[in-house]
Colleague: 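The following block contains the structure, expressed as C-alpha cells.
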Amino acid sequence: MARTLNRPASHKRRRGPVPALAAGATALALAGTGLALFAGGANAAAGNLVANGGFDGSLGGWTCTGSASAVTTPVHSGSGALQATPGAADTAECTQTISVLPNTSYTLSAWVQGPYVYLGARGTGGTDPSSWSNQNSWNQLSSTFTTGASARSVTVYLHGWYGQSAYLADDVVLSGPGGTSTPSPTATPTVTPTPTPTATATPTATTTPTATATPTATATPTQTATPTPTATSTGNPTTGLPKHVVTGYWHNFDNKGNNLQKLSDVQSAYDIIAVSFADSVASRPGAITFKLDAELSAGLGGYTDAQFRADVKAKQAAGKKVILSIGGQNGAISVNDAAAAQAFTDTAYAVIKDYGFDGIDIDLENGVNPTQMGNALHSLQSKVGPGFVLTMAPETIGMYSTAGAYFQLALNTKDILTVVNTQFYNSGGMNGCDGKVYTQGTIDFITSQVCTQIQGGLRPDQVGIGVPASSKAAGGGYVAPSVVNNALDCLATGKNCGSFVPPAKWPTIRGAMTWSTNWDSVNGNSFSNTVGPFVHQMP
C-alpha cells in the first residue's frame, strides 16, 4: 500500500515484501546490538532483574532527570508507564543500576512509544547495547549483550531526545542471572540534572554516542580543533562525477499526491539519480531484489521494464549516474551477520549488472550494522570496480556523533564513499558542532550539522546537504532552495552564513540532495532550477 502524505516521515515508500509482523510492533534499532522483535509482552519474560519495570504507581527504583512521572494511561500493560518530556538541554533520562555477573549474556527489552526513544545499558564491560525507535504506537526494543570479565553491575537507561515531545516506556526487562554485589548508587548516568543553558554548551558531536548523549554542558570540548587538513581533498575521481553534484531520489512507486515520472522525465540538473527503492527478499536475510513497480507502470500508461532500462542508459549517456537506493522509511533489509552480508553483496551485484546501475545508495532508516554492512559494501565495490558510486542518506540523528552506527558505517567505508547526504529534516532541534541547539529548517541547522560530520572525520567532498523538495515532502525541515545555496556558499567560502559561522572553509563540499525529483516537479522544479545551477558553478 502506498504511503500518503498525511503522515510525513523520512523517505516515504510503499511497503515492499517483508516478513509478517504485528502492526505497531515493528521496532527500529541501531544495528549491531542483536535487536529482535517479539510477539509477546515483556511481562512474559522470566528472571527480570529490573525493579519496577512496569512503572506501576511510581518511579520507584529509577533515577530520572527532567520531567518524568508514572502515568496510568496510556500503558502497554499493567497499571502504569513512564512518561518523560525532554527539554532543550535534557533528554529526560531514567536509569537504574543493576547487579550482574561477569562474562554472562543478558537480554534487555522495553515497550516504548514516542519520538526518538532510546533503550540501552552502560558499563557492561563489552559492547554496550543501544536501540531506539520513533513511532506513535507501542513497539518493543530489544538487544542482547555479554558482560565483560570485570563487570559487576550495569546501568540500564531510557531517554528521549533534546527538544522533542514526551516519550512513554513500559515493561522494561533485563533477563539473565542476577549478580551478587550491591550496585553503587554512584553508577547512575552522567547526565547532569541541572545543565547550564545550551547557548554556552560545549561541543559533543564526536564525544558521546547519540543513544546515550549527555547534556552538552558537561562534555569535553573537541570541536574547536584545527580545521581538518583534508578540506582540499578532491575525493574519489574514478566515479566520473563532477566536483560538486546534485542528487535526487526518483520514485519507483506511486506516492499519491506527487507527480509520477518516467526516469527520462527526471530533471537534467540531477547528476546522481537514486532509484527508490530495492526490495528485501523475505526468505533470505540481507538479500535484495528490484523490479519496476506495476502501479507506477500503470499510472504512466504502460511504462515498461524495457523502457526503464533504456532510460537508465540514456541518462548515463548524458553524463548522469543512476544508482539503486536500499531501504527507505519502510525498508526491511538487515545485514547483521556475515551470511547476510554475503547475500547482500551477491544480490546487489546481480541487480547492478542486470540493470546497469552505477552503484548503491544506503538509506536504511530501521537500523544499520556498520561492520557487516561495511564489509558487504567493500565486497560489492570490489566486484563492480573503481567506477562504483556509493552514497548514503542517513537521518540527522544517525550522523550526530561518530559513535552512532550510521556515522561509523560512513567512516568504515570512507575509502570508497562518494557522498553522505544527511536528511536535514524530520529531526527537530539538535546541537551543532559548537554545542548550541539549532532548529531544523534553518541555515544554521544545516551548516552546524555539516560541521559536525567534517570534524568527525569525513572529507568535505564526502558531505552533502539533504533537504525536502517541498514542504509536502517531509514532516518538517523544509527550506527554500535559496537557503540551500546560501548554506553551500557559507560552507565553501564563509559567505552568506547565518549566526553560525563554520570554523573553516570547505570549498570541496560535495553538493546537495533532495527528496525527491517527483516532489521537485510538484513544486515547479524550484529545487533543480535554483540549486542545480548554483552547485554546477561552484569552483
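Count residues from 1 along the sequence.
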Colleague: List the atom of M373, the atom of V335, and the distance in Å for their closest heavy-atom pair.
Modeller: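 It is CE-CG2, 3.5 Å.
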Colleague: Enter the distance from L409:CG to I362:CD1 here, rounded to the nearest 0.5 Å.
Modeller: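 The distance works out to 7.0 Å.
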Colleague: List the residues meeting side-chain contact (heavy atoms from CB on, under 4.5 Å) with V117, not counting sequence neighbours, and say none if there are none.
Modeller: V112, Y167
Colleague: Which pair of heavy atoms, one from S516 and one from H251, lies closest together, and at what distance?
Modeller: OG-NE2, 2.7 Å
Colleague: Would you please test L174 and Q96 for side-chain contact (heavy atoms from CB on, under 4.5 Å) and show each step?
Modeller: CA-CA 11 Å; L174 180 65; Q96 185 173 141; over 6 Å; no
Colleague: Between R152 and P102, which heavy-atom pair has the shortest distance, and what is it?
Modeller: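 For R152 and P102, the tightest heavy-atom pair comes out as NH1-CG, 3.1 Å.
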Colleague: With no hydrogens and no angle check, is any side-chain donor or acceptor of K436 less than 3.5 Å from a backbone partner on S448?
Modeller: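 No; zero donor-acceptor contacts below 3.5 Å.
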Colleague: So Q449 and M399, do their side chains get closer than 4.5 Å, heavy atoms only?
Modeller: no
Colleague: With sequence neighbours left out, what residues match Q342 under side-chain hydrogen bond (donor to acceptor under 3.5 Å, both in side chains)?
Modeller: D346
Colleague: Please confirm whether the backbone N or O of H76 pairs with a side-chain atom of D170, one donor and one acceptor, at under 3.5 Å?
Modeller: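 Yes, because the side chain of D170 sits within donor-acceptor range (under 3.5 Å) of the backbone of H76.
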Colleague: For the pair F290 and Y355, name the ring-plane relationship: parallel under 30°, tilted 30 to 60°, perpendicular over 60°.
Modeller: perpendicular
Colleague: Taking side chain as C-beta onward, heavy atoms only, is V437 less than 4.5 Å from N431?
Modeller: yes
Colleague: Start with the C-alpha distance between I288 and L324, add both sets of side-chain angles, then the distance that settles side-chain contact (heavy atoms from CB on, under 4.5 Å), and finish with yes or no.
Modeller: CA-CA 11 Å; I288 68 166; L324 179 62; 4.2 Å; yes
Colleague: At what distance, to the nearest 0.5 angstrom, does CD1 of I446 lie from CD of Q440?
Modeller: 10.0 Å
Colleague: Test of understanding: with ring pair (Phe, Tyr, Trp, His ring centres under 6.0 Å), list the residues that count as partners of Y349, not counting sequence neighbours.
Modeller: none
Colleague: Where is the tightest heavy-atom contact between F344 and L380, given as atom of each residue plus distance?
Modeller: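 Nearest heavy atoms, F344 then L380: CE2-CD2, 4.3 Å.
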Colleague: R510 versus T418: any side-chain heavy-atom pair under 4.5 Å?
Modeller: yes
Colleague: Would you give the length of the straight line joining atom CD1 of I397 to atom CD of Q423, rounded to the nearest 0.5 angstrom?
Modeller: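 Atom-to-atom, I397:CD1 and Q423:CD are 12.5 Å apart.
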Colleague: Side-chain donor-acceptor pair under 3.5 Å between D279 and T289, yes or no?
Modeller: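 On atom types as modelled, these side chains do not qualify, holding no pair under 3.5 Å.
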Colleague: Just checking, is any N or O donor in the side chain of D171 or Q140 under 3.5 Å from an acceptor N or O on the other one?
Modeller: no
Colleague: Would a 4.5 Å heavy-atom cut-off, applied to side chains only, mark Y116 and H159 as touching?
Modeller: no
Colleague: Could you list the residues that satisfy side-chain contact (heavy atoms from CB on, under 4.5 Å) with T104, not counting sequence neighbours?
Modeller: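 Expected list: L101, Y106, T147, P177.
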Colleague: Could you check W161 against W132 for side-chain contact (heavy atoms from CB on, under 4.5 Å), going step by step and ending with a plain yes or no?
Modeller: CA-CA 11 Å; W161 194 249; W132 63 276; over 6 Å; no
Colleague: What distance separates I352 CD1 from F388 CZ, expressed to the nearest 0.5 Å?
Modeller: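 Taking CD1 in I352 and CZ in F388, the distance rounds to 5.5 Å.
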Colleague: What is the distance from atom CG of N134 to atom OH of Y118, rounded to the nearest 0.5 Å?
Modeller: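 Here the interatomic distance stands at 8.5 Å.
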Colleague: Can you sort out the partners of N375 under side-chain contact (heavy atoms from CB on, under 4.5 Å), two or more places apart, ordered by chain and number?
Modeller: T371, Q372
Colleague: Under a 4.5 Å cut-off applied to non-hydrogen side-chain atoms, are V172 and F55 in contact?
Modeller: yes
Colleague: Any side-chain donor paired with an acceptor under 3.5 Å for H378 and D415?
Modeller: yes
Colleague: What residues, two or more places apart in sequence or in another chain, satisfy side-chain contact (heavy atoms from CB on, under 4.5 Å) together with D337?
Modeller: A339, A340
Colleague: Out of curiosity, S77 OG to D56 CG, how far, rounded to the nearest 0.5 Å?
Modeller: 7.5 Å
Colleague: Using atom types as modelled and distance alone, determine if a side-chain donor or acceptor of N139 lies under 3.5 Å from a backbone N or O of S137.
Modeller: yes
Colleague: Quick one about Y249 and D363 (side-chain donor to acceptor, distance below 3.5 Å, no hydrogens or angles considered), yes or no?
Modeller: no
Colleague: Indicate whether any N or O donor in one side chain lies under 3.5 Å from an N or O acceptor in the other, for T422 and Q453.
Modeller: yes
Colleague: Looking at every non-hydrogen atom in both residues, tell me the closest pair between G475 and N426 and how far apart they are.
Modeller: N-OD1, 2.7 Å
Colleague: Do T124 and P129 have side-chain heavy atoms sitting under 4.5 Å apart?
Modeller: yes
Colleague: Would you find a donor on one side and an acceptor on the other, under 3.5 Å apart, between the side chain of T65 and the backbone of E93?
Modeller: yes
Colleague: Side-chain contact test, heavy atoms from C-beta onward, threshold under 4.5 Å: evaluate it for Q83 versus L168 and give yes or no.
Modeller: yes
Colleague: Contact between L119 and S143 at the side-chain level, heavy atoms closer than 4.5 Å - yes or no?
Modeller: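 Sidechains of S143 and L119: no contact.
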Colleague: Give a yes or no answer on whether the side chain of N52 reaches the backbone of G60 with a donor-acceptor pair at less than 3.5 Å.
Modeller: yes
Colleague: For a side-chain contact (heavy atoms from CB on, under 4.5 Å) check, start with the C-alpha distance between F407 and Y400, then their side-chain angles and the critical distance, and finish with the verdict.
Modeller: CA-CA 8 Å; F407 210 138; Y400 183 79; over 6 Å; no
Colleague: Are side-chain N/O atoms of T155 and T97 paired as donor and acceptor at under 3.5 Å?
Modeller: yes
Colleague: Search all heavy atoms of L377 against all heavy atoms of M392 and return the closest pair with its distance.
Modeller: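 Shortest heavy-atom contact: CD1-CE, 4.4 Å.
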